Amino acid sequence: MRRLLYLLREAVANVLTNRTTTLVAVATTAFTFACVGVFLLLYVNLKTMASSLEQDIQVMVYLQDDLTEQSRIEIEQQLKIDRAIASLTFVSKERALADFQAQFPSESRLLQGLGQNPLPASFVITLAAESRSSDAMRRWANRTQLIPGVSQVQYNQEWVEALAGIVRYIEVAAIIVGVILSAASVTIIANTIRLALYSRREEIEILGLIGASTTFIRVPYLLEGAALGLCGSALSLVILKGGFELFRHQIHSATRFLGVDALLTFFSFDMCLVLMLVGLFLGCAGSFLSLLRFGEGRA
Amino acid sequence: MIQLFHVSKYYDRRPALSDVTLEIEKGEFVLLMGPSGAGKSTLLKLLIGAERPEEGQILVQGRSLSKLRPSEIPVLRRKVGVVLQDFRLLPKKTVFENVSLPLLVQGASTTEIRRKVAEALRAVGLDHKKDLFPPGLSTGEQQRICIARAIVNGPIMLLADEPTGNLDPDLTSEIIELFKSINARGTTIIVATHDPNVLAQVNRRVITLDHGKVVSSEQGAS
Ligand SMILES: Nc1ncnc2c1ncn2[C@@H]1O[C@H](COP(=O)(O)OP(=O)(O)O)[C@@H](O)[C@H]1O
Ligand SMILES: [Mg+2]
């Protein structure tokens, strides 16, 4: 108990004696974390947008013209038991024509000139959430295409795939930037701890000579590193949140009536906690590195 | 209690100790003499596991130091009090805190710490200075605090490296008397020094080193 108190006091004393270095370290770590955060935010937002857009995507399954009522019902049965499909509506040839005429009244004469109804019957399908990714969609479309009586499966493929591509790029960029900048912040923290170790090397030697275990000697510095990482990530979240609100305000003024700003989301509370934990962990890793190097120098 | 068999220690291939064999019994008061560079400090460092010999065996209480795992070294050091040449006090901690450190690191209770620190400070005659900071004390007092810190654990042996190095003759005899009284209570004491004043006052066993070799080991009269 007393020992724990001592260790905490030592960690606090470390921070206080190296106030400037500590502040600089927290600020730089916060800035590095914030850079990663920007990418993460971009990723989170595009991902949300992508899934909300995917929700609106409908797939058309066009039927062959010479299909009997019996085969149409069979196809419908088959589609209804498909787990990838969330809902489906049948659109008959007549219905398709009526819709077309309602949508494009000026062109309707063109169709009348043909004498017979050229529009095919179709099923309009919304896919289940787990089948909305571009890969799943493509696989599903290829499979459905093979059902006898189906003439064509159509959906806005380019759009879905382009969006998925962008999200994937951002994901990769976020990972790369995240790894590089995490390494940078580990280095920053490691350097700060190294300074602290250096300025107290005599005390550390004394502790070793009077029989302090390696753990006892190391704990204050691990605590300091953890605190640095935690403060850095917390501060970066504050910076990000500030920047995010500013950005949202700008968007709101620029696109007053579109409601685009309502689509933007910040990290959830849980996500914030996770990010702070990551900061704490990186801080520990930084001081651990310094302690290892410091230990090698002595032994 | 302490046995060395053909121990050699090299720094950059140059021997600081070569082929040292000696034995020190429990309760002995040994002076380790020899000119500067003879290997006295190196020998003390070997005994607390701060350095490891390239050759030979060191046994402390029958246990071979070369077989200690790194995690066992702190355990050894808790049984050995050290007053090293450059082994200073922590200036920003009070006398009480400085002396309590060896107890603190092994997780002693508050009451135990209070009792043992008071005892150790009384033994060196400085219990009235426990709330002062080391820079406010004289060199003689600082050295006595170091000794209090070294004995607070009730160690089986006390190692001192040039403990009178920067003290005048009066303070030197004060420190020597202190060591004698600690030794009288059963603690084995090894003092490394090249100070002839110490030799004059301690009529005990003297081990003389030169160029890393034991050149003589003579029992004093008493
Ligand atoms: N850490 C070290 N690195 C290199 N040489 C050392 C080191 N410590 C001691 N030595 C050398 O070992 C020899 C013995 O040193 P030391 O044990 O300090 O002697 P003493 O304490 O008797 O004056 C000296 O020649 C010294 O230069
Ligand atoms: Mg020496």
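Source: prediction; values computed, not measured.
For F96(B), the CZ atom sits in a packed shell: over 12 heavy atoms of surrounding residues, nucleotides or ligands are nearer than 6.0 Å. Atom CZ of F269(A) sits in a sparse spot, with 12 or fewer heavy atoms from other residues, nucleotides or ligands closer than 6.0 Å. Atom CZ of F133(B) sits in a crowded spot, with more than 12 heavy atoms from other residues, nucleotides or ligands closer than 6.0 Å. No more than 12 heavy-atom neighbours from other residues, nucleotides or ligands sit within 6.0 angstrom of NZ on K130(B). Other residues, nucleotides and ligands contribute more than 12 heavy atoms inside 6.0 Å of the CZ atom of F267(A).
The contact between L104(B) and chain A is made by backbone and side chain atoms together, counting heavy-atom distances below 4.5 Å. Residue L7(A) does not touch chain B at all, counting heavy-atom pairs closer than 4.5 Å. Contacts between E51(B) and chain A at a heavy-atom distance below 4.5 Å are absent for every atom of the residue. For chain B, the nearby part of R9(A) is the side chain; its heavy atoms alone come within less than 4.5 Å. Only the side chain of K92(B) comes within contact range of chain A, with at least one heavy atom under 4.5 Å from a heavy atom of that chain.
In terms of heavy-atom pairs under 4.5 Å with chain A, the best-connected choice from L90(B), I113(B), L76(B) is L90(B). Ranking P102(B), S109(B), G81(B) against chain A, the residue ahead of the rest is P102(B), based on heavy-atom pairs under 4.5 Å. Chosen from R78(B), E97(B), R52(B), the residue pairing most often with chain A at heavy-atom distances under 4.5 Å is R78(B).
When all heavy atoms are compared, the tightest approach of I48(B) to L209(A) is CD1-CD2, 3.3 Å. The two atoms that bring P74(B) and S213(A) nearest to each other are CG-CA, 3.9 Å, heavy atoms only.
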Report the C-alpha distance between Y6(A) and L101(B) in whole Å, list the side-chain angles of each, state the deciding distance to 0.1 Å, and finish with yes or no for side chain to side chain contact (heavy atoms under 4.5 Å, CB included). CA-CA 10 Å; Y6(A) 175 87; L101(B) 266 184; 3.4 Å; yes
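Within the 4.5 Å cutoff, the side chain of E203(A) has heavy atoms near those of the K93(B) side chain.
Between the R77(B) side chain and the A212(A) main chain, no donor and acceptor come within less than 3.5 Å of each other.
Remark: S100(B) OG to I210(A) CD1 distance equals 8.5 Å, nearest 0.5 Å.
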